[in-house]
Amino acid sequence: MDTNYLLAEALKQCMKKAPLEKITIKDITDACGVSRQTFYRHFKDRQDLINWYFDKILLESFEHMGEGKTIYDGLVNKFTFINQEKVFFSDQLVSS
């Protein structure tokens with residue numbers, strides 16, 4: 001798995017247990033077993049990771065939308081995918 005995605009998955013796991021403002025870089029790196037140096041090679045801070053992953057989710061949701069045979073099917077695909085990422089769209093993320 002790509003390190004960026006590994007860090008994003010670790011952040012999502014942390015978000016299931018604690019509010020975003022309480023999650024540290026150490027929490028994220030401990031959750032996925034990489035060093036702080038590895039984190040900082042990929043992202044400048046926690047918000048940078050959040051922004052990167054949000055962009056990836058957005059782009060992938062449009063890819064899912066394109067898989068539908070009709071506009072309705074495309075929108076269902078898009079929002080089904082987004083629903084699977086709901087931890088990332090929680091109030092915790094919006095308030096940061």
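Residues forming a salt bridge (charged side-chain N to carboxylate O under 4.0 Å, His left out) with Asp45 (at least two apart in sequence, or on another chain): none. For Thr38, the side chain to side chain contact (heavy atoms under 4.5 Å, CB included) partners two or more places apart in sequence, or in a different chain, are Thr3, Val34, Ser35, Arg41, His42. With sequence neighbours left out, Lys12 forms a side chain to side chain donor-acceptor pair (under 3.5 Å) with Glu9, Tyr53, Glu85. Applying the side chain to side chain contact (heavy atoms under 4.5 Å, CB included) criterion to Asp27, with sequence neighbours excluded, gives Cys14, Ile23, Thr24. Not counting sequence neighbours, Lys44 has no partner by the salt bridge (charged side-chain N to carboxylate O under 4.0 Å, His left out) test.
For the atom pair CD1 of Ile50 and CG of Leu7, the computed distance is 12.0 Å after rounding to the nearest 0.5 Å. The CG atom of Leu11 sits 4.5 Å away from the CD1 atom of Ile28 when rounded to the nearest 0.5 Å. In this structure, CG on Asp30 lies 14.0 Å from CD on Gln13, to the nearest 0.5 angstrom.
When the side chains of ILVMFWY residues are joined at heavy-atom separations under 4.5 Å, either directly or via intervening members, Tyr5 and Met15 end up in a single hydrophobic cluster.
For residues 6-40, every residue pair satisfying the ring-ring contact (aromatic ring centres under 6.0 Å, His included) rule, not counting sequence neighbours, is listed here: Phe39-Phe43.
The heavy-atom pair separating Ile25 from Arg36 by the smallest distance is CB-NH1, 3.7 Å.
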